[in-house]
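Working notes for the structure below.
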Amino acid sequence: MPIYWAFLTYMLLKPGEENQEYWFMFSGIDKVLHISIFAALGFSFIAAFPKIKFSYFFQIILIYGFLTEILQEEMGLGRSMETLDIVADTVGCLIGYFTYKLLIKRFF
């Protein structure tokens with residue numbers, strides 16, 4: 001969990017690069033990536049701390065999402081803060097949370 005969190009922080013805050021066009025890229029791919037990585041974060045966080053209250057879980061993940069977006073803007077490394085990224089982060093963490101709960105309910 002700490003290794004994924006550190007890797008995620010690095011990837012979210014690393015300097016921006018020139019975007020190259022690849023065959024798999026489409027408009028909005030960055031939002032899909034935000035949803036995916038925060039779904040993995042939400043899933044692994046609730047799996048590591050299954051007894052945590054939903055409100056605490058949600059606050060921790062949301063504060064992390066806000067903090068990374070604010071740092072992207074303030075660090076001046078070619079990244080910018082986007083409100084839709086925060087929305088995608090929130091949706092992703094909720095998907096991870098409810099996927100974990102569904103799997104636990106279904107298989108255990």
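All values below were derived from every heavy atom in this structure, side-chain atoms included, with hydrogens, water molecules and symmetry-related copies excluded. These numbers were taken from a predicted model, which means no experiment stands behind them.
- When hydrophobic clusters are built by joining Ile, Leu, Val, Met, Phe, Trp and Tyr residues whose side-chain heavy atoms come closer than 4.5 Å, directly or via intermediates, Leu84 is not grouped with Leu67.
- Of all heavy-atom pairs between His34 and Glu69, the closest is CE1-OE2, 3.6 Å.
- Here the shortest heavy-atom pairing between Ala88 and Lys31 reads CB-O, 3.8 Å.
- Residues that satisfy the ring pair (Phe, Tyr, Trp, His ring centres under 6.0 Å) test with Phe66, not counting sequence neighbours, are absent from this structure.
- Phe57 and Phe45 have tilted rings, their planes meeting at an angle from 30° to 60° on a 0 to 90° scale.
- Following chains of ILVMFWY side-chain contacts shorter than 4.5 Å, one cannot reach Ile95 starting from Leu33, and the two form parts of different hydrophobic clusters.
- To the nearest 0.5 Å, the span separating OH on Tyr4 from CG on Leu41 amounts to 6.0 Å.
- Within the structure, side-chain hydrogen bond (donor to acceptor under 3.5 Å, both in side chains) contacts touching residues 36-63 (residues at least two apart or in different chains) do not occur.
- In this structure Phe54 satisfies the ring pair (Phe, Tyr, Trp, His ring centres under 6.0 Å) test together with Phe58, Tyr97, sequence neighbours excluded.
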*Tell me, with the steps shown, if Leu12 and Tyr64 meet side-chain contact (heavy atoms from CB on, under 4.5 Å).*
CA-CA 11 Å; Leu12 289 170; Tyr64 177 72; 4.2 Å; yes
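- The two residues Thr68 and Leu13 make their nearest non-hydrogen contact at O-CD2, 3.6 Å.
- Partners of Phe43 by ring pair (Phe, Tyr, Trp, His ring centres under 6.0 Å), not counting sequence neighbours, listed by chain and number: Tyr100.
- At distances below 3.5 Å, not a single donor-acceptor pair connects side-chain atoms of Glu73 with backbone N or O atoms of Ser80.
- Following chains of ILVMFWY side-chain contacts shorter than 4.5 Å, one cannot reach Val91 starting from Met81, and the two form parts of different hydrophobic clusters.
- Under a 4.5 Å side-chain heavy-atom cut-off, the cluster of Ile, Leu, Val, Met, Phe, Trp and Tyr residues that includes Leu102 has no other member.
- For the atom pair Leu94 CG and Leu62 CG, the distance stands at 9.0 Å (nearest 0.5 Å).
- Note: the hydrophobic cluster containing Ile37 also contains Ile86 (ILVMFWY, side chain heavy atoms under 4.5 Å, direct or indirect links).
- When all heavy atoms are compared, the tightest approach of Ile61 to Cys93 is CG2-CB, 3.2 Å.
- Linking ILVMFWY residues whenever their side-chain heavy atoms come closer than 4.5 Å, directly or via other members, places Ile52 and Trp5 in the same cluster.
- Clustering of Ile, Leu, Val, Met, Phe, Trp and Tyr side chains at separations under 4.5 Å places Phe7 together with Tyr10, Met11.
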